[in-house]
Amino acid sequence: MSFPILLLPLTLSSFCLLLVLISCFSGGYSSSSSSAAPTRIGKGYRLISFEKTSDGGFLGHLQVNQKNNVYGPDIPLLQLYVKHESENRLRVHITDEEKQRWEVPYNLLPRDQPPAPKQAIGRSRKKPTSVLEIAGSELIFLHTIDPFSFAVTRRSNGQTLFNSSSAGADSFGEMVFKDQYLEISTQLPGDASLYGLGENTQPHGIKLYPNDPYTLYTTDVSAINLNTDLYGSHPVYMELRNAGDKPYAHAVLLLNGNGMDVFYRGNSLTYKLIGGVFDFYFFVGPTPLDVVDQYTSFIGRPAPMPYWSLGFHQCRWGYHNLSVVEDVVENYKKAKIPLDVIWNDDDHMDGHKDFTLNPINYPRPKLLAFLEKIHSIGMKYIVLIDPGIGVNSSYGVYQRAIANDVFIKYEGEPYLAQVWPGAVNFPDFLNPKTVAWWGDEIQRFHELVPVDGLWIDMNEASNFCSGKCTIPEGKQCPSGTGPGWECCLDCKNITKTRWDDPPYKINASGLQVPIGFKTIATSAVHYNGVLEYDAHSLYGFSQAMATHKALQGLEGKRPFILSRSTYVGSGKYAAHWTGDNKGTWEDLKYSISTVLNFGIFGVPMVGADICGFYPAPTEELCNRWIEVGAFYPFSRDHANYYSPRQELYQLESVTKSAQNALGMRYKLLPYLYTLTYFAHISGAPIARPLFFSFPAFKECHGLSTQFLLGSSLMVSPVLEQGETNVKALFPPGSWYNVFDMTQTVVSKGQYFTLDAPLHVVNVHLYQNTILPMQQGGMISKEARMTPFTLIVSFPAGASKGEAKGSLYLDNDELPEMKLGNGYSTYVELYATLDQGIVKVWSEVEEGKFALDKGWIIEKVTVLGVGASEKISALEINGSPVAPDACNIELSSMKQKHLRDLEDGQENSKSLMVDITGLKLPVGESFSMSWKMGIQG
């Protein structure tokens, strides 16, 4: 459930009201929009000393050149710390030399601490002339002395990855460092492709678009608002550029949790921050996969996911009672649409209060009976909790919170806000006592209702009011009539401190609203005196950490958490959905870019509300959306309270599309689960842009209408109303339709027009791949126990080829996802084609788990074989096999090439070969081979 704070397009009256609110709240202020001409502030700093430190880094000291008071006084002396932290990561840290400044807490995001300020004061300082560059194995740090600037170059080819010098730049000035305004820029080559800097809905696709606004400040603003700071803050970008014909990728993280505007102008990028420090991390790549590996190695590897989380999920705000939920589950079963997880928004709660049950609509005995029933077949149940704790003296959760002193404070008292229960206080997750109290409440609730995961929503944090509020006397708040998101507390704006009204106004909510608008007052105080002004964008991140710790401590099982608000490192603890979208064709398109961006951010388990959260999708749109959503990493249908019912069985045509698309998803579950394993050990996104696999193919650098699952499975959906075909870009090579593997596309790197009637989505497998599949089912638990098929894809018509794949299996209830615990198996799969001989084999690590489960490979399908249809000399594990004697069947079929069909030709140049009736244990290494007559 959510509240559309700025649900655009606004009506004229609501827009005028919003402008009045902004003006009253802030007292008026000057504009700093992205379209404004660049303003140069001051003349920067000069480097006055630079020397090596005992930890292998370098420590420098900077002095301001000319003071000014634009956005406040300059900090006169700065400390510079530079260190090659690994062969592929360089850190550049700049802070106040004389006093500690706010940084992302080191206990939230563990990393090395730079030398404390004042360390070098009182010691002789070495003049900086002796060192102009610091070379690591992959990256080189260079600097100029006056005005100070720095550059980072790639050692292998001399490419400049970052250059803060304003020399020759007309779009930015020198570095600025004030208490509440920090500015630094970099020059960029005009032909570079940039990705990242979220969370926002990007109308131009996944590539950053020059002069679009990029503001980072966690906000409860509906995702239908374009180019607006949304629920998460991820100040990282990946850059892809070519040196000659060779592509190189790198990433830049500015680890700063304060609000910021980032101005990308095509040939430069400028950061404007309202606090904190400059803490840059440079990741060398050089491939996109290398970049996310290096990035997640630093921020935290993505959380391991339970197998069932890859199944289909159904939710709705407005399941008024348990009977409705029971009917939903039963109707999915009747419609033969797979379903693994049923969700409740806050409908299960008593008066919208966390960790409660509505005794009338969700009586505990009946709910427990329902859960016992669905748990017995492998289904799961997840509910929502919001961070706001209802202010109610008879409410046990609130009583214990007050007793433990866990709330964020304003003027010494718990900060009062309003969310769905009415008046609420917000837990302070930076406080260790809060983390312990939160864990206790989750344990108490789990004893009440054995939920299988938690959905943490509204954690930007969202507030229906602004400023300092009190509970009104003599009236009920909320009244119980009308929209529940209207502020009914008595509130007054807070503008008396520089934290509530900073000198520089970021483009908050896309309209430069005050940073305390509809959230926690920014002068409120967290544990140890930390200001909300600084910690605001970390709220959802810190809540996810606390929730993860609590769930993991319950039964020792692998947690599943879905969080709306995210920050750098959130993927270590939680999955994410893209928030409040709308049932429009545009929102369907935008969802792909957002999902792909979160893979880059290190949050690979991500999806959008299928068919749209706000009303109302057309029947055709919902058909097309499930065809896309069935291939999101996180696949869930969710709708607004006011939306028509849109479960996938509601309309016959959508049912058919769901059966088709989700049917294929459930066959692909072993592949998807293996991708979650690689995400966990290397950060590799589950859903990824095409340029991850084809970085040298420039045509796909900005492609946002197709995507890959893993390295080789490409989804090319219909995203336009009324279309029955789709124009899809195919990178060079052979591609096989996974719904009909006789259909082949052989591309030189071009667009093809594919048939796509209403119930069809095009999904193609790339050459040189071995894809593990199973037979599917209505629940992942049953689908997981069906026999395996291996799909081997060679280049179409080739007489020689290689293919590889992998398979990871484990006990998905265990908290850790790894080999070596006796409850997991890893299989490397290989195949070759050479002179008419096909070989397929596996190499198994720790096969006992798979053997104990009884998994077998029943079928091997080989695609693209360029030979005659004659198959002979089958051998398995070195022994000749007579197919008839072993109930093994060998068959082949000619494949049709789209290349040929477009030319009006029917001649096939490759075969699909099936070998069925096998009983190869997955947990044992095997080898098999056969001969095929060579095509004459």
Side-chain angles (χ1 to χ4, degrees), residues 201-203 205-206 223-224 310-315 337-338 575-579 581-599 604-614 617-639 646-648 651 653-668 672 675 685-690 703-710 713-729 737-739 754-764:
T201 300
Q202 300 175 190
I206 190 172
I224 66 173
L310 293 168
F312 184 67
H313 303 242
Q314 178 61 52
C315 185
I337 301 172
H576 175 65
W577 91 108
T578 65
N581 58 3
K582 193 172 184 179
T584 69
W585 291 94
E586 289 76 17
D587 282 74
L588 171 58
K589 290 177 213 165
Y590 302 152
S591 75
I592 295 176
S593 294
T594 307
V595 165
L596 297 181
N597 259 327
F598 269 87
M605 190 63 167
V606 58
D609 285 345
I610 293 169
C611 296
F613 177 71
Y614 293 122
T618 64
E619 183 171 345
E620 180 191 2
L621 174 59
C622 208
N623 272 276
R624 294 308 190 186
W625 208 319
I626 186 55
E627 291 170 357
V628 179
F631 301 99
Y632 292 149
F634 172 63
S635 183
R636 184 182 73 157
D637 182 315
H638 180 43
Q646 64 184 44
E647 291 85 4
L648 301 180
L651 296 169
S653 69
V654 178
T655 296
K656 186 174 179 181
S657 293
Q659 290 169 337
N660 187 50
L662 288 174
M664 179 55 69
R665 180 188 181 91
Y666 274 62
K667 292 177 182 178
L668 291 169
L672 292 173
L675 293 180
I686 300 170
R688 50 186 87 159
L690 269 65
L703 188 65
S704 305
T705 54
Q706 298 166 245
F707 59 94
L708 293 172
L709 291 173
L713 201 63
M714 183 171 70
V715 183
S716 305
V718 171
L719 303 173
E720 303 285 344
Q721 184 176 2
E723 293 293 335
T724 55
N725 53 51
V726 61
K727 188 177 181 183
L729 178 64
N737 186 330
V738 297
F739 289 94
L754 308 174
D755 289 336
L758 187 61
H759 307 302
V760 170
V761 57
N762 280 277
V763 182
H764 287 81

*Asks:* So, does Asp587 use its side chain to make a donor-acceptor pair with the main chain of Asn581 at under 3.5 Å?
*Replies:* no

*Asks:* Set out, in order, the CA-CA distance, both residues' side-chain angles and the distance that settles side chain to side chain contact (heavy atoms under 4.5 Å, CB included) for Leu719 and Val628, then state yes or no.
*Replies:* CA-CA 9 Å; Leu719 303 173; Val628 179; 4.1 Å; yes

*Asks:* Just to verify, what does Pro685 make a side chain to side chain contact (heavy atoms under 4.5 Å, CB included) with, not counting sequence neighbours?
*Replies:* Leu289, Val292, Arg688, Phe692

*Asks:* What are the two closest heavy atoms between Ile626 and Leu648, and how far apart are they?
*Replies:* CD1-CD1, 3.7 Å

*Asks:* Quick one: are Asn737 and Leu754 in side-chain contact, heavy atoms under 4.5 Å?
*Replies:* no

*Asks:* Give the intermediate values and the outcome of side chain to side chain contact (heavy atoms under 4.5 Å, CB included) for residues Arg624 and Leu758.
*Replies:* CA-CA 7 Å; Arg624 294 308 190 186; Leu758 187 61; 4.3 Å; yes

*Asks:* How about Val760 and Asp755: do any of their side-chain heavy atoms sit closer than 4.5 Å?
*Replies:* no

*Asks:* What closest approach, in Å, do Thr594 and Thr578 show between heavy atoms, and which atom pair accounts for it?
*Replies:* CG2-CG2, 3.5 Å

*Asks:* Search all heavy atoms of Asp609 against all heavy atoms of Trp625 and return the closest pair with its distance.
*Replies:* O-CZ2, 3.5 Å

*Asks:* Roughly how far apart are Leu662 CG and Ile610 CD1, rounded to 0.5 Å?
*Replies:* 7.0 Å

*Asks:* Which atom pair, heavy atoms only, marks the closest approach of Tyr590 to Pro203?
*Replies:* CE2-CA, 3.7 Å

*Asks:* If you look at every heavy atom in Val606 and Pro633, which pair is closest and at what distance?
*Replies:* O-CD, 3.2 Å

*Asks:* Under the side chain to side chain contact (heavy atoms under 4.5 Å, CB included) rule, collect the residues that match up with Gln659, sequence neighbours excluded.
*Replies:* Lys336, Ile337, Thr655

*Asks:* Could you list the residues that satisfy disulfide bond (SG atoms under 2.5 Å apart) with Cys611, not counting sequence neighbours?
*Replies:* Cys622

*Asks:* Determine, step by step, whether Tyr614 and Thr584 satisfy the side chain to side chain contact (heavy atoms under 4.5 Å, CB included) criterion, reporting the C-alpha distance in whole Å, the side-chain angles of both residues, the deciding distance to 0.1 Å, and the verdict.
*Replies:* CA-CA 9 Å; Tyr614 293 122; Thr584 69; over 6 Å; no

*Asks:* Whether the side chain of Glu620 engages the backbone of Gln721 through a donor-acceptor N/O pair (distance < 3.5 Å, no angle test) should be reported.
*Replies:* no

*Asks:* Out of curiosity, Met605 CE to Trp577 CH2, how far, rounded to the nearest 0.5 Å?
*Replies:* 14.0 Å

*Asks:* Run through Val763, Val738, Leu690 and flag the one making a side-chain contact (heavy atoms from CB on, under 4.5 Å) with Met714.
*Replies:* Leu690

*Asks:* State whether the side chain of Thr201 and the backbone N or O of Ala223 hold a donor-acceptor pair below 3.5 Å, judged by distance alone.
*Replies:* yes

*Asks:* Does any N or O in the side chain of Glu723 come within less than 3.5 Å of the main-chain N or O of Ala756, such that one atom is a donor and the other an acceptor?
*Replies:* no

*Asks:* If you count the non-hydrogen atoms of other residues, nucleotides and ligands that lie under 6.0 Å from NZ in Lys589, is the total more than 12?
*Replies:* yes

*Asks:* Any sub-3.5 Å donor-acceptor pair from Asn762's side-chain atoms to Ser716's backbone N or O?
*Replies:* no

*Asks:* When rounded to the nearest 0.5 angstrom, what is the spacing between OG in Ser704 and CD1 in Ile206?
*Replies:* 6.0 Å

*Asks:* My understanding is that only residues two or more places apart in sequence, or in another chain, count here; which of them pass ring pair (Phe, Tyr, Trp, His ring centres under 6.0 Å) with His313?
*Replies:* Trp343, Phe634

*Asks:* With rounding to the nearest 0.5 angstrom, report the NZ to CD1 distance, Lys582 to Ile224.
*Replies:* 5.5 Å

*Asks:* Who pairs with Asp637 by salt bridge (charged side-chain N to carboxylate O under 4.0 Å, His left out), at least two apart in sequence or on another chain?
*Replies:* none

*Asks:* Does Ser635 reach the main-chain N or O of Tyr632 with its side chain, forming a donor-acceptor pair under 3.5 Å?
*Replies:* no

*Asks:* Using the test salt bridge (charged side-chain N to carboxylate O under 4.0 Å, His left out), find all partners of Glu586 that sit at least two apart in sequence or belong to another chain.
*Replies:* none

*Asks:* Using 0.5 Å steps for rounding, measure from the CG atom of Leu672 to the OH atom of Tyr666.
*Replies:* 11.0 Å

*Asks:* Can you tell me how far the CD atom of Gln314 sits from the CZ atom of Arg636, to the nearest 0.5 Å?
*Replies:* 9.0 Å

*Asks:* Any idea which heavy atoms bring Leu310 and Arg665 closest together, and the distance?
*Replies:* O-NE, 2.7 Å

*Asks:* Under a 4.5 Å cut-off applied to non-hydrogen side-chain atoms, are Ile592 and Pro717 in contact?
*Replies:* yes

*Asks:* Ignoring hydrogens and geometry beyond distance, is a side-chain donor-acceptor pair present between Ser657 and Asn623 at under 3.5 Å?
*Replies:* yes

